[in-house]
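For reference, the structure is listed below as structure tokens.
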Amino acid sequence: MTLKQHLSESLRASLDRLDLAPEQKALVAAHPVRVEYPEARFGDYASPVAMELARILKKNPALIAEQVVAGLPGRETWAAVDIVKPGFINFRLSDAARTKWVRTILETPTWGDATPAKKERVLLEFVSANPTGPLHVGHGRWAAIGDTLARVLRAAGLEVETEFYVNDAGVQIAKLKETVAAIRTGKEIPEGGYHGDHMQVFKTELGDPVEYFLAGQKATLAKVGTAFDRYFRETSLHQSGAVDKTIAWLKEHGHTYEQEGALWFRTTPFGDDKDRVLIKGDGQKTYFAVDIAYHAEKVRRGYDRLINIFGADHHGYQGRLGAAVTVLSEGRSRLDIVIGQLVSLFRDGEPVRMSKRTGDIVTLDEVVEEIGSDAARYFLGSGRAATPLEFDLALALKQESDNPVYYVQYAHARLASVLRKAGEEGIPVAASFDFAAVRGPHSEELAIQLIRFPEEIEGMAASLEIHHLATWLSGLAAILHRHYGEHRYVDAADREKSGQYLALVVAVKQVIARALGLLGVSAPEKM
RNA sequence: GCGCCCGUAGCUCAACUGGAUAGAGCGUUGGCCUCCGGAGCCAAAGGUUAUGGGUUCAACUCCCGUCGGGCGCACCA
């Protein structure tokens with residue numbers, strides 16, 4: 001259990017002991033106990049619960065806070081519990097508690113991992129780019145976010161499979177093949193075909209264009225450290241008859257109707273804003289019908305939860321797909337859709353249009369080539385998915401050697417260097433860490449930031465917002481750099497104290513490496 | 001026209017989903033290596049959180065309006 005949870009439960013226990021009328025007791029019991037992180041000067045944890053209960057209990061928040069503190073169990077964990085102005089309750093960890101938790105971190109190489117209340121099986125689908133060209137920066141954003149989300153969910157104790165849906169059938173693929181045939185025979189590219197320099201390879205490249213692009217996309221994803229558990233092909237749905245079976249199932253269960261020669265799926269009762277066509281008047285199945293069959297397949301596999309990462313250009317799909325999953329799973333599976341806003345490309349402030357048709361496309365490969373995988377992963381994964389990202393190539397290139405990711409990596413390399421130095425001096429890492437030995441400027445912050453790591457993981461798993469990882473990590477790096485400036489870790493004159501510092505160094509280094517790993521960024525020993 | 005998302009320091013982004021004096025990186029200005037890595041640290045400048053109302057002990061966060069930007073609104077894929 002995390003420290004935050006411990007505190008939350010202690011507060012709950014204290015609230016239960018308040019002398020209240022039965023109806024008030026019920027209200028208090030229903031009220032969540034929130035614990036948050038205050039500014040360092042106030043302490044390590046804080047709770048606004050007394051202020052929140054002031055209205056319900058019709059009492060002065062400071063008075064409530066006093067009573068809560070009076071009945072609080074587990075006081076030995078806290079060096080100080082203060083009540084401040086409106087009614088905040090602030091908690092400062094005791095040295096003994098810091099010692100205990102840091103020792104736990106040192107004994108736990110997987111520190112950060114959390115244990116879920118329920119071990120859910122999750123299918124996470126992302127990227128799913130059409131195999132009609134190379135991946136662009138937008139795909140890179142979904143890859144960075146999706147891959148990190150998968151790692152974070154696993155750290156949070158969920159069973160996660162990742163999947164890339166390959167649209168290898170349908171009209172666009174037919175257009176692609178026509179285009180390739182034209183290029184190979186030296187004819188003009190047909191109406192609605194694919195233009196652009198990246199198509200010219202088919203003058204000499206003789207393979208199937210779908211396989212060619214898919215292989216290229218996989219190679220690009222590998223460069224940014226993203227591998228999928230499964231590539232699921234649309235054609236397999238057609239071959240297995242899954243599309244027809246799914247439509248038949250919907251018919252049998254009364255979810256469809258015919259109108260004007262088309263077959264409609266009644267999605268509006270399940271949150272969609274209009275019903276959708278499955279089979280068109282000309283007898284052709286819609287793209288949506290195929291997509292439903294795909295999600296029927298996911299449901300059939302029995303996941304507790306489906307998560308899809310969609311670009312904002314597909315957000316209109318949310319309602320109908322959610323309705324489909326509800327119907328197909330008969331309410332048993334839940335579909336979460338993470339909408340990621342698009343990436344706008346700029347070069348020196350000038351917008352760069354991205355289109356596979358015009359060919360003015362900046363590929364993910366090129367960007368990775370320019371700024372490297374680490375910087376790309378960090379940059380694309382550190383912003384909130386819901387916020388549009390403006391990516392300036394010239395800026396990214398300029399910051400090549402002065403990028404936020406290096407700030408964090410440098411912290412790691414610096415600690416590696418400290419440990420090397422200690423090795424040369426023959427100073428051993430203390431076997432039994434004692435926080436009191438390393439007390440001083442920023443030491444408390446450093447310890448607490450490490451202790452919070454699993455709390456961050458839990459928070460991200462709940463919100464599906466992984467950008468917090470980069471924020472928290474750069475916070476840790478900042479504290480470390482400041483701490484480094486104030487303390488001398490390796491001092492041959494005081495081997496005992498140095499050993500204690502080294503234990504802290506090992507803990508910080510371990511946690512930074514783990515967090516960078518979740519981000520898909522390397523943790524260098526030297527830079 | 002309707003719907004979803006966004007608007008925070010000069011630039012790129014945070015702010016724990018309603019908490020305390022809105023924070024980082026880049027850029028700018030001025031300091032800091034006889035000493036474990038100066039890819040770092042310290043200090044300064046920079047904000048009426050697009051804008052006008054509302055809700056409350058408390059609003060960047062919630063509600064309504066306005067302005068600006070992105071994306072959707074097919075018997076397309």
Side-chain angles (χ1 to χ4, degrees), chain A residues 4 34-39 41-42 46-48 51-52 54-55 60-61 84-88 90 130 167 170-173 175 259-264 273-274 276-284 286-288 290-291 311-319 339-342 344 349 379 382-384 386-392 395-396 398-399 401-407 409-411 413-422 424-425 427 452 455-456 459-460 463 465 467-468 470-472 474-475 477-478 480-482 484-492 498 501-502 505 526-527:
Chain A
K4 194 178 192 179
R34 287 195 297 132
V35 172
E36 45 197 41
Y37 306 136
E39 290 172 44
R41 67 198 169 97
F42 288 124
S47 180
M51 290 180 296
E52 291 168 355
R55 161 108 25 93
N60 184 328
V84 181
K85 276 189 273 176
F88 287 103
N90 296 329
N130 289 341
N167 271 288
V171 179
Q172 292 305 316
I173 297 304
K175 282 255 155 60
Q259 188 180 308
E260 293 168 22
L263 183 73
W264 293 71
D273 47 12
K274 58 176 289 194
R276 307 290 170 175
V277 171
L278 296 174
I279 301 177
K280 300 187 272 178
D282 63 4
Q284 292 279 338
T286 60
Y287 176 85
F288 180 51
V290 182
D291 227 20
D313 52 344
H314 287 101
H315 79 256
Y317 231 62
Q318 233 175 145
I339 297 294
Q341 291 298 316
L342 303 177
S344 318
F379 195 79
S382 61
R384 216 165 68 95
T387 303
L389 179 64
E390 301 206 343
F391 193 112
D392 194 305
L395 212 62
K398 211 173 101 190
Q399 289 179 186
S401 60
D402 215 353
N403 190 292
V405 69
Y406 296 115
Y407 185 78
Q409 289 183 314
Y410 182 60
R414 190 172 231 185
L415 296 178
S417 168
V418 166
L419 292 175
R420 279 194 300 270
K421 175 79 177 170
E424 288 163 16
E425 305 272 340
I427 300 172
R452 285 175 183 167
E455 299 167 8
E456 293 289 332
M460 289 186 287
S463 66
E465 296 195 324
H467 69 278
H468 291 120
T471 307
W472 168 84
S474 78
L480 183 275
H481 285 310
R482 283 198 288 271
Y484 177 90
E486 298 279 355
H487 300 259
R488 183 153 180 84
Y489 296 161
V490 179
D491 183 0
S498 294
Y501 274 121
L502 293 177
V505 165
K526 286 181 182 176
M527 290 177 72

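Model, not experiment: these values are computed from the prediction. Convention: sequence-line order gives letters A, B, ...; per-chain numbering from 1.
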Give the nucleotide from the list C36(B), C75(B), A20(B) with an atom nearest to the side chain of Arg41(A). A20(B)
Among A14(B), A20(B), C13(B), which is the nearest nucleotide to the side chain of His467(A)? A14(B)
Give [X] one of three labels, base, sugar-phosphate or nothing, depending on what nucleic acid heavy atoms sit under 4.0 Å from its own.
X         : value
Pro388(A) : sugar-phosphate
Ser417(A) : base
Glu52(A)  : base
Tyr407(A) : sugar-phosphate

Arg452(A)/Glu456(A) ion pair, N-O < 4.0 Å: no
[X] side-chain N/O to [N] phosphate OP1/OP2 under 4.0 Å:
X         : N      : result
Arg414(A) : G38(B) : yes
Arg55(A)  : C57(B) : yes
His468(A) : A15(B) : yes

Going by a 90° cut-off around 0, is U17(B) syn or anti? syn
Would you mind calling C71(B) syn or anti? Take O4'-C1'-N9-C4 for purines or O4'-C1'-N1-C2 for pyrimidines, and syn is within 90° of 0. anti
Relative to the ring of Phe379(A), is the ring of Phe391(A) parallel (under 30°), tilted (30 to 60°) or perpendicular (over 60°)? perpendicular
Determine whether a donor-acceptor pair (one donor, one acceptor, N or O, separation below 3.5 Å) exists between the side chain of Asp291(A) and the base of A77(B). no
Is the base of G3(B) touched by the side chain of His315(A) through a donor-acceptor pair closer than 3.5 angstrom? yes
Pick the P atom in G72(B) and in C16(B), then give their distance to the nearest Å. 30 Å
